[in-house]
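Numbering of ligands and ligand atoms starts at 1, following listing order.
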Amino acid sequence: MASTIRLHVAHPLGAGQTVPLDAGQAHYLFGVMRKGVGEIVEVFDGVSGTWLAEVVEARKKVGVLACREQIAPQRDPPDLWLLFAPIKKVRTDFIVEKAAELGAKRIVPVLTDFTNSERVRADRLQAHAVEAAEQCGGNYVPEVTEAAKLDRVLADWDPARRILFCDESAVGEASDFRRLSPGSEAGPWAILIGPEGGFSEAERARLLGLDHAHPVSLGPRILRADTAAVAALTLWQAALGDWV
Ligand code: SAH
């Protein structure tokens, strides 16, 4: 059975609401997927849950849907941010896609001392997060922020949000994840993953000096940054998140 097409729309959803599609969505739905008037798709706007909607207008670059019924309530991920240093384009795309699937609330590219100085296009990364949400059945889309210097991010940090500092120099040490317990560590968190070159000594010293930063090991092997992001998100979700 072909699965229902899912679309994220930048338009509020609700009973009786009509929803205009953008040119790209109209092309995809009618040109590529050959859908037409009367057919049903799933839509979500990121805040109103998942809705079934009927195609009521289908032209080449113009389309209109009409909301019919809500089939799932809004489900937001836990308050977990992923901070990561951008790496090569495809691997950065991978990190954003996996963070959206694994349930990060916000994705923050951070520029560290050893970050490869590739330009980060937040709008392109945001589009990856939308696609990931569409295909994974969720109805929340994490916000991808503009890249910011790690220094600045830490200077402006709210200490109530704890930082899980994935520190490659702790490789091989017992992972602290087993000590994270849902009761005592509830509240907002962020995972921090460094670039291919790792963190500088200055960055490590600064992070280790912060009360709200908790260094952790991700096991006995050095992981690539993209693997480390997936591993840390998984461990956090299993210990404290919505997989529990
Ligand atoms: N070039 C560095 C490794 C960087 S790995 C070195 O050889 O030491 C990229 C990022 O993944 C690291 O900055 C860290 O955040 C994370 N990471 C990889 N393996 C890890 C491990 N075993 N424990 C904790 N963090 C790890």
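Close approach of ligand 1 to D167 is summarised as follows: ligand atoms under 4.0 Å from at least one heavy atom of the residue are 23 (N), 24 (C), 25 (N). Ligand 1 places these atoms under 4.0 Å from at least one heavy atom of V216: 24 (C). The contact set between ligand 1 and G197, taken as ligand atoms under 4.0 Å from a residue heavy atom, comprises 1 (N). The ligand atoms of ligand 1 that sit less than 4.0 angstrom from a heavy atom of G219 are 22 (N). The contact set between ligand 1 and F199, taken as ligand atoms under 4.0 Å from a residue heavy atom, comprises 13 (O), 15 (O).
Using 4.0 Å as the threshold, T227 has no heavy atom nearer than that to any atom of ligand 1. Residue A170 places no heavy atom under 4.0 Å from ligand 1.
Of all the heavy atoms of C166, the ones lying under 4.0 Å from any atom of ligand 1 are found in both the backbone and the side chain.
Of the protein's non-hydrogen atoms, the one nearest atom 10 (C) of ligand 1 is G194 O, 3.4 Å. Regarding atom 22 (N) of ligand 1, its nearest protein heavy-atom neighbour is R221 O, 2.9 Å. Of the protein's non-hydrogen atoms, the one nearest atom 17 (N) of ligand 1 is A228 CB, 3.8 Å. Among all protein heavy atoms, the one lying closest to atom 13 (O) of ligand 1 is E168 OE1, 2.7 Å.
Ion pairing between K105 and D79 fails under the 4.0 Å rule for side-chain N and carboxylate O. With respect to the salt-bridge test (charged N to carboxylate O, under 4.0 angstrom), the residues K149 and D151 do not qualify.
Annotation: S217 places no N or O atom under 3.5 Å from an N or O atom of ligand 1; distance criterion only. Ligand 1 has a nitrogen or oxygen under 3.5 angstrom from a nitrogen or oxygen of L223. Between E196 and ligand 1, a contact under 3.5 Å exists for at least one N or O pair.
Test V43, V64, L13, V56 against V19 for side chain to side chain contact (heavy atoms under 4.5 Å, CB included) and you get one pass: L13.
Selection from P195, A85, G198 by nearest heavy atom to atom 9 (C) of ligand 1 gives P195. Closest heavy-atom approach to atom 26 (C) of ligand 1 among the candidates I193, D226, L218, I87: L218.
Note on residues 40-86: pairs passing ring-ring contact (aromatic ring centres under 6.0 Å, His included), not counting sequence neighbours, are H8-F44, W81-W157.
T112 places no side-chain N or O within 3.5 Å of a backbone atom of F199 that could act as its donor or acceptor partner. For the pair R6 (side chain) and E42 (backbone), a donor-acceptor distance under 3.5 Å is absent. With Q74 contributing its side chain and N139 its backbone, the two residues share a donor-acceptor pair below 3.5 Å.
Taking T234 as the reference, L102, V230, W243 meet the side chain to side chain contact (heavy atoms under 4.5 Å, CB included) condition, with sequence neighbours excluded.
Side chains of T145 and R106: no donor on one and acceptor on the other come within 3.5 Å.
For H212 and W189, the distance between ring centers is not under 6.0 angstrom.
Within the model, atoms CG of L192 and CG of L82 stand 8.5 Å from one another, a figure rounded to the nearest 0.5 Å.
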